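Structure record follows, encoded as structure tokens.
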Amino acid sequence: MKAGQVTSMLLALVLVALVSNTPCDGCEAGWFGSQCEFQCHCATEGECCGIQDGFCSSGCHPEWFGPGCQYFSMNFTAAPGSASGWLTDRDDATCNQEEGGHQTITVTLDTPIPVSRIRVVLTNAGLLSQLAISYQLESSRKPSRQENASELRSIKVDDTTMDIFYNSPDIVANLTLSGKAVKELCSLYISGGRNMALKQATEQSSLYLNWHAAHAVDGRPETSQYYPSHFEICTHTPEGEAGWWRVIFQHPVEVSRILVYNRGGDCLEGLCADRLVNFSMAVQTQTTDGINVRAYTYRDPGGPGQDVYTVIPSPRISSLVSEVRIDVGPGKDILTLCEVQVFGDCPLGTYGFGCSERCSPACMGPQQACGQLDGACDQCNPGYTGKHCDKTCPRGTHGPGCNRTCSARCAGPDNPCHHVDGSCYLGCVEDDTSFMCRSALSRHIKFERSRLSREQHSFRQKAWTTAGAAIVAVAAIAAVVIGVVVWRFQKAFKKETQSAGTNHLSNGLELGPVGDEPEAGSETLPRAEEACSEDDPQQHYHTTVPDPQDVHVYHSGCGVYANNAHILRQSNTYLIPDRKTDTYEPDFYEVKQSSASADTSDTATYSNLNRLMNMEVDQLCSVD
């Protein structure tokens with residue numbers, strides 16, 4: 001071989017070595033995503049997958065499937081005779097082509113788990129309506145009712161592949177597929193979820209050397225590690241205190257199973273593996289107030305230390321998980337974890353790393369469901385298109401799938417129409433009065449008017465509510481102020497009246513002090529035994545009182561009969577002793593109306609007093 005050829009070969013080898021160590025579009029080999037947060041799971045190890053979507057040119061690794069090869073494929077076995085290898089070979093090119101074909105296939109999971117997603121590969125995805133699915137829970141011998149796959153939420157991956165979402169309430173032991181579509185079945189994938197803990201925030205009780213808490217979510221699930229490289233991929237807490245570790249999710253996630261990788265190998269002749277024996281795990285959810293609530297607790301039953309612990313909550317955790325914590329067992333101190341994988345998915349309506357992104361509002365289906373990894377919509381609402389349904393229909397088209405053409409009668413270049421309902425928003429061509437064009441325009445105008453009406457109604461309702469609240473507040477304040485003013489006026493008036501030695505009518509007659517008013521219904525006025533003496537002064541009294549003020553009735557030992565007081569009480573006028581004495585009767589009485597008359601004339605104002613005088617004049621000695 002010539003020297004030049006040798007040199008060229010050496011340069012080629014060096015170039016290959018440099019390329020193999022070159023980052024994949026800014027990420028370390030084997031990683032992708034805007035933050036290099038996802039792991040590639042390609043059939044060819046070390047392949048640089050698509051930096052945005054994780055696409056593997058060599059296909060997914062046999063243990064992984066789905067968008068970006070991010071969903072772990074659970075192992076299962078088919079019932080004897082129902083699928084002779086073609087269903088479990090992970091080869092989509094081998095299909096059910098046995099003579100007669102099977103219309104029912106039952107598979108048993110090697111590790112029973114709650115099932116949330118399956119993928120079927122058929123020779124024709126259009127046969128999905130002829131596929132029925134049922135399952136049998138590990139805790140029950142009875143199979144579930146059959147459900148038609150076309151009635152479940154599904155995503156069409158390509159012309160032969162469908163992802164079907166099928167949430168079981170608990171751990172599934174086996175799954176049964178039946179119907180004519182089974183004859184065209186090529187592959188079945190049962191999802192074990194994707195690793196939601198990867199590169200999430202972590203904490204541990206304390207740090208020993210460089211065994212950081214983040215090493216348990218770095219994507220390197222190895223167990224046999226030795227010095228000096230072991231502290232690069234595992235966690236470790238110091239001696240002398242009960243160690244703990246936890247992972248905190250950026251946003252709450254769904255969780256179906258958890259794998260804990262122990263530190264194994266010949267560390268201290270195998271004693272390191274025993275550090276995890278009897279460990280406990282707490283799966284926590286978070287309330288709307290931000291308080292962590294324990295949703296599931298697991299404690300290792302003991303025995304020899306295992307390389308990998310598998311924890312599958314049963315029944316299925318129905319709430320969203322915010323944190324997973326691991327504590328050492330009783331009497332232990334050092335906690336070492338080489339990897340913790342939390343398998344699950346984003347809640348419906350969210351997607352992306354940490355489930356921080358919201359699905360497009362134009363996605364069709366419950367809660368605008370979309371792909372939990374890439375946000376791709378299952379289907380778009382009428383009038384929208386694109387992977388994320390973020391684009392309106394091209395000009396000249398409208399409706400579901402943008403497969404309807406705008407009317408040729410729509411005015412404007414290319415006959416544009418509304419992308420949702422096809423109405424001609426620029427009007428119709430000149431002199432066109434056809435029903436279709438008129439009705440389309442009418443629908444659009446009606447829709448816009450209805451929308452504006454709803455907005456105006458909402459605005460008016462809010463305005464009236466605000467104004468009403470303001471009026472009530474002002475009225476309440478005014479009532480309080482008026483009440484205080486009236487109370488203070490009454491208090492001052494009473495004080496002034498009680499402090500006065502004498503009172504005077506407007507005509508100058510002298511009155512005695514005002515007395516206390518008796519209780520309603522009281523008939524305790526005294527009745528004198530003797531009659532008035534003829535020598536007592538008898539002044540002529542007036543039949544009317546000049547001003548609407550209190551009048552005092554005087555007597556000198558003559559009785560004022562109770563029947564008079566009764567008559568006065570019935571007419572809202574009271575005969576009141578002006579002061580308390582130890583004698584049989586007070587010196588004089590006060591005749592007082594309890595409420596003012598609406599008529600302020602002299603005659604009407606004190607008609608009750610005149611009644612008293614006219615009926616029992618002989619009993620009165622003097623009246624002022």
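Being a predicted model, the structure only gives us computed values, none of them experimental.
- With contacts defined as side-chain heavy-atom distances shorter than 4.5 Å, the pair Leu335/Gln204 does not qualify.
- For the pair Thr237 and Val328, the minimum side-chain heavy-atom distance is 4.5 Å or more.
- The shortest heavy-atom contact between Cys393 and Gly399 is SG-O, 4.0 Å.
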*So Phe76 and Leu87, side chain to side chain contact (heavy atoms under 4.5 Å, CB included) or not? Walk me through it.*
CA-CA 10 Å; Phe76 59 83; Leu87 190 60; 4.3 Å; yes
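- Between Cys377 and Cys359, the SG-SG separation does not fall below 2.5 Å.
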*Stepwise side chain to side chain contact (heavy atoms under 4.5 Å, CB included) check, Gln286 with Phe249*: CA-CA 11 Å; Gln286 198 171 76; Phe249 299 103; over 6 Å; no
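- Between Val324 and Met281, the closest side-chain pair of non-hydrogen atoms falls below 4.5 Å.
- Taking each heavy atom of Ser73 and Tyr189 in turn, the nearest pair found is OG-CD2, 3.6 Å.
- Asp92 CG to Ser187 OG: the interatomic distance, rounded to the nearest 0.5 Å, is 3.5 Å.
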*Evaluate the criterion side chain to side chain contact (heavy atoms under 4.5 Å, CB included) for residue pair Phe165 and Leu348; output intermediate values, then yes/no.*
CA-CA 11 Å; Phe165 297 86; Leu348 203 62; over 6 Å; no
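- Side chains of Ser206 and Glu241: a donor-acceptor N/O pair is present below 3.5 angstrom, by distance only.
- Cys pair Cys49 and Cys24 fails the test of SG atoms under 2.5 Å apart.
- One distance of note links CD of Glu203 with CZ of Arg246; it measures 4.0 Å at 0.5 Å rounding.
- Glu63 contributes no side-chain N or O that, together with a main-chain N or O of His61, makes up a donor-acceptor pair within less than 3.5 Å.
- Side-chain atoms of Thr235 never come within 3.5 Å of backbone atoms of Ala216 as a donor-acceptor pair (strictly under, hydrogens ignored).
- Remark: Lys387 does not engage Asp390 in a salt bridge, criterion side-chain N to carboxylate O under 4.0 Å.
- Atom OG in Ser256 sits 12.5 Å away from atom CZ in Arg117 (nearest 0.5 Å).
- Panel note: side chain Arg316, backbone Asn167; no donor-acceptor pair is recorded below 3.5 Å.
- Put simply, the side chain of Asn96 never gets that close to the backbone of Leu185: no donor and acceptor are under 3.5 Å apart.
- Residues Ser134 and Tyr166 share a closest heavy-atom pair of CA-OH, 3.9 Å.
- A search for side-chain hydrogen bond (donor to acceptor under 3.5 Å, both in side chains) contacts involving Asp218 returns Arg220, not counting sequence neighbours.
- In this structure, the ring pair (Phe, Tyr, Trp, His ring centres under 6.0 Å) partners of Tyr309, at least two apart in sequence or on a different chain, are Phe279.
- For Gln200 (side chain) and Gln250 (main-chain N/O), a donor-acceptor pair under 3.5 Å exists by modelled atom type.
- Looking at Asn148, its side chain never comes within 3.5 Å of a backbone N or O of Ala132 through a donor-acceptor pair.
- Taken as a pair, Cys69 and Cys40 fail the criterion of an SG-SG distance shorter than 2.5 angstrom.
- We find the CH2-CD1 distance between Trp211 and Ile233 to be 9.0 Å, quoted to the nearest 0.5 Å.
- Rounding to the nearest 0.5 angstrom, the gap separating the CD1 atom in Ile113 from the CE atom in Met74 is 4.0 Å.
- Looking at Leu122 and Thr160, their side chains never come closer than 4.5 Å, going by heavy atoms from C-beta outward.
- Under the 3.5 Å distance criterion, the side-chain polar atoms of Ser58 are matched with a main-chain donor or acceptor of Thr44.
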*Could you walk me through whether Thr297 and Ser280 pass side chain to side chain contact (heavy atoms under 4.5 Å, CB included), step by step?*
CA-CA 7 Å; Thr297 302; Ser280 64; 5.6 Å; no
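- Within the 4.5 Å cutoff, side-chain heavy atoms of Thr392 are placed close to those of Tyr384.
- Side chains of Pro330 and Asn278 form a contact here, defined as non-hydrogen atoms less than 4.5 Å apart.
- Annotation: the span from Arg325 atom CZ to Gln284 atom CD amounts to 8.0 Å, rounded to 0.5 Å.
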*Determine, step by step, whether Cys380 and Cys389 satisfy the disulfide (SG to SG under 2.5 Å) criterion, reporting the C-alpha distance in whole Å, the side-chain angles of both residues, the deciding distance to 0.1 Å, and the verdict.*
CA-CA 5 Å; Cys380 295; Cys389 300; 1.9 Å; yes
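- Taking both residues in full, the closest heavy atoms of Thr104 and Ser178 are given as OG1-CB, 3.6 Å, listed atom of the first, atom of the second, then distance.
- In this structure, Glu339 contributes its side chain and Gly219 its backbone to a donor-acceptor pair below 3.5 Å.
- Side-chain rings of Phe72 and Trp64 approach one another, their centers coming within less than 6.0 Å.
- For the two cysteine residues Cys60 and Cys42, the thiol sulfurs sit 2.5 Å or further apart.
- Val277 is listed as a side-chain neighbour of Asp300, based on a closest heavy-atom distance under 4.5 Å.
- Distance alone, capped at 3.5 Å, is enough to place a donor-acceptor pair between the Arg257 side chain and the Gly192 backbone.
- Side-chain contact check for Met196 versus Cys355: some heavy-atom pair is nearer than 4.5 Å.
- Closest of all the heavy-atom pairs between Val107 and Asn174 is O-CB, 3.0 Å.
- The minimum heavy-atom distance linking Arg153 with Asp378 is given by the pair NE-OD2, 2.7 Å.
- A donor-acceptor contact shorter than 3.5 Å links the side chain of Lys199 to the backbone of Cys36.
- Atom NZ of Lys391 has 12 or fewer heavy atoms from other residues, nucleotides or ligands within 6.0 Å.
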